[in-house]
Structure formats: structure tokens, C-alpha cells
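Report on one structure; see the data block that follows.
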Amino acid sequence: MREFMTYDQQPYFIFKNKHSIVDMECFTEYLPDISPIQIYESKKVKGRSGRLNITYGDYDSFEYSIEIQLADFERLNELKQWLRGQGQLILSHDPDRYRMALVTNSSKPIQFDNEDGFFWKFTITFLLEPFKHPVTDVYASLKKGITKIDNDGDEISRPLIEIFSSGGDLTINWEKGEFVLLNTPKGKLTVDSETGLVLSDGKRIKNKGSRPLLLKGFNNIEILGEYTNASILRRCVFL
């Protein structure tokens, strides 16, 4: 006798906020857990045996294919509309994290039948960004003085910091350096360590120093200068 998976056991994925089973009535039997590959440059050095392999800690995007079974062929066009473009991809074996994904290929559906009836099977291929991000990421308060912030991710993260300035220069001291915001106006500032931009009301604020990063583990962060309150979005990343 054939054993069926329960709903809780059935692998699923969520793409662009739509659930593969609940919303689209398509099924998959297996979703592999794949990690990104770190990028290495391999060089031949004269006078040295073998090759010299160099990495700067970067990871490459990678392809991820899912074989899908569609029970209702009349929903094929709806499925095609869903499975195109880019968006967040969540896999059932890691439901609290997502990767940004771009659909790169979709095979033609092939009809097959088994003891349960007729189905249509095809493969969808995504190009995935290397890092996973938390589905839910909330701001943590940065109190006056030193605040200890935990980066529980697998790599260095590039946080987003919001500061309500009272005007003048502000200095963000972090584990490996300092970042100075010059002659800030009163009001809300955003310091985006991913883009390197410091903005106030859409206008760029001059700065100098090393943009703040969160090393793996606990980090001490301190803001010097006149401000009313501040907070940080950690943006932890996972392999």
C-alpha cells in the first residue's frame, strides 16, 4: 500500500508571497538544501609548485531547480504568471529565512499518470542570491553609551542604522573603526552600510571613515554626538 505524506510532511515553497500548495495547488517531492560556494581565484605563480588560490570572502549566486507536479492543468497559465521575474523564495526546510530569487528557466509541462490520476510535471530553475535573510527582522534600540548587538548570522552583516539627530557631527564607533557623519541636520538620518549611503530627507550627508559592520558574534556600538534616539536593523545573513 502506498504511503502518503501528510500536509506537514509535504515539501513546499513560497515565492512572491504565494504558497506552492495552499495557493497554487502544485506539489514537489524533494527540496534539496544547498549552500553557496565561496569564490576563489586560482593563479599559477612562477617558481611555486601547484596553484595559488585566493579568496576575498565573496560568495557566488547559484542555480536551484525544483521539479513541480501540477494537479489542475487549467491553472497552468496562472502558474506561469506566478513563476516569472524575481522575488523572495522560502523553502519548507528553512521557513524563517528567504533568498532573493530570479526565475531563469521553466521547462514545458509533461503529462504523466500514476495510481492517483493524471498530473503535469515540469521543472522551474531559479538563480539564487548566496545569502539567506530572516523573514522577520526588527530594529533594536541603540541606547546612549555602548550597546552590545549580537550578529548570530554566518557572515559579517551590513546593518541599517536610524538616528534622530539634534544637529552637528555624529560618530558611530564600532568594533573595527569609526564612521563620522559631518554637519548633520536635525531630524531622521539613515546610515545604510550595504549601499554606503547616509541620507536625511533624501539628501546625502557627507561622511568619512569606515562604514559600520557587524562581525559574527557580539559587537559593541556607540554613537557620539547630540541625538535623541537611534536604532539598528542587523540584517544578519546565513549560508
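Starting from 1, each residue takes its place in the sequence as its number. Computed over heavy atoms, backbone and side chain alike; hydrogens, waters and symmetry mates excluded. The shown structure was predicted, so the numbers you read here are calculated from the model rather than taken from an experiment.
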With no hydrogens and no angle check, is any side-chain donor or acceptor of [X] less than 3.5 Å from a backbone partner on [Y]?
X	Y	answer
Ser200	Leu189	no
Glu67	Thr28	no
Asn77	Arg75	no
Asn151	Leu215	yes
Arg158	Ser193	no
Arg234	Pro159	no
Thr104	Thr125	yes
Trp174	Phe179	no

Residue pair [X] / [Y], side-chain heavy-atom distance below 4.5 Å:
X	Y	answer
Leu214	Ile221	yes
Thr136	Val138	yes
Tyr59	Ser35	no
Ile205	Pro185	yes
Pro130	Glu155	no
Ile90	Arg97	no
Leu142	Ile149	yes
Leu83	Ile68	yes

Could you tell me whether [X] atom [atom1] has more than 12 heavy atoms of other residues or ligands within 6.0 Å of it?
X	atom1	result
Glu226	CD	no
Asp201	CG	no
Ile37	CD1	no

(request) Output every pair passing side-chain hydrogen bond (donor to acceptor under 3.5 Å, both in side chains) with a member in residues 81-93, not counting sequence neighbours, ordered by first then second residue. (result)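 Of all non-adjacent pairs touching residues 81-93, those that pass side-chain hydrogen bond (donor to acceptor under 3.5 Å, both in side chains) are Gln81-Arg84.
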Result block: side-chain N/O donor-acceptor pairs under 3.5 angstrom for residues 161-172, not counting sequence neighbours:
from, atom 1, to, atom 2, distance (Å)
Glu162, OE2, Tyr139, OH, 3.3
Glu162, OE2, Lys188, NZ, 3.3
Ser165, OG, Gly167, N, 2.8
Ser165, OG, Thr184, OG1, 2.8
Asp169, OD1, Asn183, N, 2.6

(message) According to salt bridge (charged side-chain N to carboxylate O under 4.0 Å, His left out), does anything in residues 131-151 pair up with another residue at least two apart or in another chain? List the pairs.
(response)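 Every pair satisfying salt bridge (charged side-chain N to carboxylate O under 4.0 Å, His left out) with a residue in residues 131-151: Asp94-Lys132.
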Looking at [X] and [Y], what are the two nearest heavy atoms and their distance?
X	Y	value
Thr195	Arg211	C-NH1, 3.9 Å
Cys236	Asp152	SG-OD1, 3.5 Å
Pro32	Tyr64	O-OH, 2.6 Å
Tyr98	Met100	CE1-SD, 3.9 Å
Leu70	Met24	CD1-O, 4.2 Å
Tyr12	Pro95	OH-CB, 3.9 Å

To the nearest 0.5 angstrom, please state how far the [atom1] atom of [X] sits from the [atom2] atom of [Y].
X	Y	atom1	atom2	answer
Thr190	Leu233	OG1	CG	12.0 Å
Tyr227	Leu181	OH	CG	12.0 Å
Asp23	Lys16	CG	NZ	13.0 Å
Leu127	Asn105	CG	CG	12.0 Å
Ile124	Phe13	CD1	CZ	7.5 Å
Leu31	Ser20	CG	OG	7.5 Å

(request) Determine, step by step, whether Arg99 and Phe62 satisfy the side chain to side chain contact (heavy atoms under 4.5 Å, CB included) criterion, reporting the C-alpha distance in whole Å, the side-chain angles of both residues, the deciding distance to 0.1 Å, and the verdict. (result) CA-CA 11 Å; Arg99 279 191 173 99; Phe62 60 96; 3.8 Å; yes
(message) Under 4.5 Å between side-chain heavy atoms, counting indirect links through other Ile/Leu/Val/Met/Phe/Trp/Tyr residues: same cluster for Val135 and Leu239 or not?
(response)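 They do not share one cluster, since no chain of ILVMFWY contacts under 4.5 Å joins Val135 to Leu239.
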(request) Could you walk me through whether Leu197 and Arg204 pass side chain to side chain contact (heavy atoms under 4.5 Å, CB included), step by step? (result) CA-CA 7 Å; Leu197 293 177; Arg204 293 192 180 192; 3.4 Å; yes
(message) Under the criterion side chain to side chain contact (heavy atoms under 4.5 Å, CB included), I'd like the reasoning laid out for Leu160 against Arg235: C-alpha separation, chi angles, the key distance, then a yes or no.
(response) CA-CA 7 Å; Leu160 178 68; Arg235 287 176 168 169; 3.8 Å; yes
